[in-house]
Amino acid sequence: MLKVDLTIRNSPQPDGSTRYCYIDADGHESPNLRVKPGDLVILNLRNNLTDAAQAAATAPIHHHAHVSAQANACTGALMTSTSTNLHFHGLTIPSTCHQDDVLKTSIQPGDPPFQYRFRIPANEPPGLYWYHPHVHGFTKVQVLGGASGAIIIEGIERTDKAVAGLPERVLIIRDQDLMNPNSPPSKSEPVVPKMLYDQDGDAANNGTGFGKPAKDLSINFVPVPYPDYPPAAIKIKPGAQELWRVLNASAITYLNLEVLFNRKPQPLGLVAMDGVPLNENGMPADFVDWQTHLGVPPGARVEFVVKGPALGVSGLFVTRTVNTGPGGENDTNRALATITASADAPEPRSVLPAAADPPPPPSQPWLGSVTPVVTRRLYFSEKLLQPDNPNSATEFYLTVDGQTPAPFDPKSGVPNIIAKQGTVEDWIIENRSNELHAFHIHQLHFMLLDYMGRPVNEPFLRDTVNVPYYDGRALVYPAVRLRLDFRDPNIVGDFVYHCHLLEHEDNGMMGLIRVEPARPVQSLNQKRSNPRVKNSSVHLCGVPRPHTGGN
Ligand SMILES: [Cu+2]
């Protein structure tokens with residue numbers, strides 16, 4: 001069991017921004033939560049947010065309102081700039097109150113600590129997950145302010161022996177408003193076209209990889225601010241192999257990670273994506289996918305093996321520019337951390353066990369080999385509220401083809417999609433807008449089948465994926481094709497899918513899905529008295545977990 005008390009706090013900064021943070025009972029900021037499959041998590045969240053002027057000023061949908069401390073946090077659903085809640089990104093746990101509900105759960109300042117209580121499924125893949133607030137309309141301001149933390153499901157060395165015994169580092173990359181917004185770019189950079197700004201005041205994409213970025217980045221809370229990007233420092237023993245577990249906890253910034261030695265990109269041994277080992281599908285127990293760069297949308301995670309430089313070799317951990325499209329924000333080339341080899345480098349705080357039992361065999365056929373019951377088409381689109389004014393407010397939509405585009409309405413409760421537990425579906429996600437978006441769905445993972453109309457060889461899972469922007473000329477919209485896994489009994493219920501650029505999500509780029517039980521509840525009850533039929537129900541619904549209950 002993991003029991004943790006977290007308080008979320010915010011504090012206005014001299015530059016007018018507001019920082020948000022989780023603090024545990026011992027004063028640790030945004031602690032890494034480490035659990036094993038099968039563990040019970042009891043997390044008491046206290047809301048100490050104050051009405052930060054900035055949060056209220058940027059609130060796009062709701063207005064601040066007085067909320068009674070007596071309101072039920074499970075059903076109150078009043079979401080204001082000082083409300084909060086938690087989403088456990090990537091975990092396959094129920095979307096019910098006190099577990100992973102974000103549709104109704106809303107905790108107000110002055111409420112007694114709110115208890116999250118859930119069991120990590122026995123078959124949750126080992127890897128990097130994360131927690132962050134998900135209050136509709138206010139997610140961006142809280143996450144951009146710093147409210148996020150890592151969840152590590154232990155045991156990756158059981159699934160992938162290539163990482164057994166390696167030291168590990170958890171690196172959390174967040175974004176924040178620029179610390180030096182008025183500075184000219186560094187003189188060492190190429191000259192860029194005149195910077196343009198979007199309606200949020202963020203630097204618009206200039207397509208060069210240089211100039212002012214929309215946001216600054218930080219790595220484990222060490223800021224790496226524009227314009228000179230003074231990097232954080234990582235010390236490592238010469239030539240040592242380590243597992244780096246990197247979370248992009250940015251609100252709106254895409255990453256494209258590289259490790260450079262003497263300016264040359266080094267091989268990065270990818271072993272897990274979005275919390276799931278690449279070899280969950282039955283590939284060899286020591287599988288490593290060597291790459292020279294790793295794209296990481298906001299919300300996504302990559303876990304990879306890195307080899308330290310030799311003594312005297314200068315190492316740099318960087319993110320390369322991402323082309324977010326003509327409507328996107330400026331996402332620049334920048335350093336994150338120097339990597340310096342040193343014989344007396346301190347040991348990383350955590351080392352993976354050297355010897356490990358293999359994990360239990362998968363209880364379900366591999367997702368890639370299951371036939372989908374339906375193919376759906378969804379699309380991202382945007383609409384300027386004053387079409388002749390490019391700086392007017394924009395509505396953001398994520399629409400099921402055939403339905404009318406509309407911003408997500410938290411009060412509606414009417415699902416856009418109804419799926420059935422026990423099945424597998426293919427979804428084609430199109431982008432009809434001129435900026436890059438990142439598709440994410442709660443409670444489950446998917447396989448990327450096609451990217452821009454071409455099949456990709458990705459026999460592994462993700463929970464967040466980029467969907468490229470439309471250039472206004474191509475005959476078809478850019479699209480990805482995904483295979484979504486609705487087989488887990490834990491995911492019955494209502495939950496959301498959305499763009500993980502949080503300003504898009506807050507402004508409506510989200511939809512509601514209802515996953516219905518494989519069998520009507522009544523017939524399940526009838527079958528309980530008949531063991532023979534119960535067995536057939538087990539067969540149809542996948543293998544139920546021994547106990548995944550919450551309260
Ligand atoms: Cu988006």
Side-chain angles (χ1 to χ4, degrees), residues 58 60-61 87 89 102 132 134-144 174-175 197-205 213-215 248-256 274 295-300 321-331 377-385 390 392-401 405-410 416 427-442 446 448 451-452 462-472 477-480 482 496-513:
T58 56
I61 291 169
H87 170 46
H89 184 127
V102 299
H132 66 83
H134 206 297
V135 171
H136 189 58
F138 306 94
T139 301
K140 175 191 159 189
V141 73
Q142 296 187 14
V143 172
L144 187 70
R174 297 174 173 89
D175 61 2
Y197 297 89
D198 66 12
Q199 51 159 0
D200 298 306
D202 292 331
N205 181 24
K215 299 291 175 203
N248 184 358
S250 295
I252 68 161
T253 306
Y254 296 88
L255 301 175
N256 181 10
D274 293 348
V296 197
T321 181
V322 174
N323 184 357
T324 59
E329 281 85 15
N330 206 34
D331 196 336
R377 184 180 297 268
L378 292 82
Y379 61 95
F380 289 112
S381 63
E382 301 181 10
K383 191 173 113 191
L384 284 173
L385 293 182
S392 74
T394 305
E395 279 192 337
F396 294 84
Y397 314 124
L398 176 46
T399 310
V400 177
D401 197 23
F408 178 75
D409 175 4
N416 302 99
W427 290 14
I428 296 164
I429 318 285
E430 279 180 1
N431 190 345
R432 301 185 183 177
S433 79
N434 65 350
E435 70 175 309
L436 185 62
H437 296 287
F439 176 84
H440 168 58
I441 184 164
H442 287 210
F446 51 77
L448 176 63
Y451 190 82
M452 303 283 279
R462 300 174 179 260
D463 63 31
T464 309
V465 69
N466 283 351
V467 187
Y469 64 88
Y470 180 54
D471 65 5
Y477 294 112
V480 298
L482 311 176
V496 292
Y497 51 88
H498 58 85
C499 176
H500 218 289
L501 265 75
L502 301 181
E503 60 194 23
H504 298 172
E505 173 193 330
D506 279 341
N507 281 293
M509 207 169 240
M510 181 148 79
L512 180 64
I513 179 168

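Just so you know, these numbers use all the heavy atoms, side chains as well, and skip hydrogens, waters and symmetry mates. Just follow the structure's listing: the first ligand is 1, and inside any ligand the first atom is 1.
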Legend entry - Verdict with reasoning, N323 to Y469, per side chain to side chain donor-acceptor pair (under 3.5 Å): CA-CA 9 Å; N323 184 357; Y469 64 88; 3.2 Å; yes
Inset, instruction - For H498 and H442, run side chain to side chain donor-acceptor pair (under 3.5 Å): C-alpha distance rounded to whole Å, both residues' side-chain angles, the deciding distance at 0.1 Å, then the answer. - result: CA-CA 9 Å; H498 58 85; H442 287 210; 3.2 Å; yes
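Listed for the D198 side chain is a donor-acceptor partner under 3.5 Å among the backbone atoms of D200.
Between H87 and H134, the ring planes lie perpendicular to each other; the angle is over 60°, past the 30° to 60° tilted range.
Distances from the Cu ion (ligand 1) under 2.8 Å pick out these protein N/O/S atoms: H437 ND1, C499 SG, H504 ND1.
Under the side chain to side chain contact (heavy atoms under 4.5 Å, CB included) criterion, Y497 pairs with L378, L398, V400, N416, I417, W427, F439, I441, I513, sequence neighbours left out.
Contact detail for A204 and N330: the closest heavy-atom pair is O-CB, 3.4 Å.
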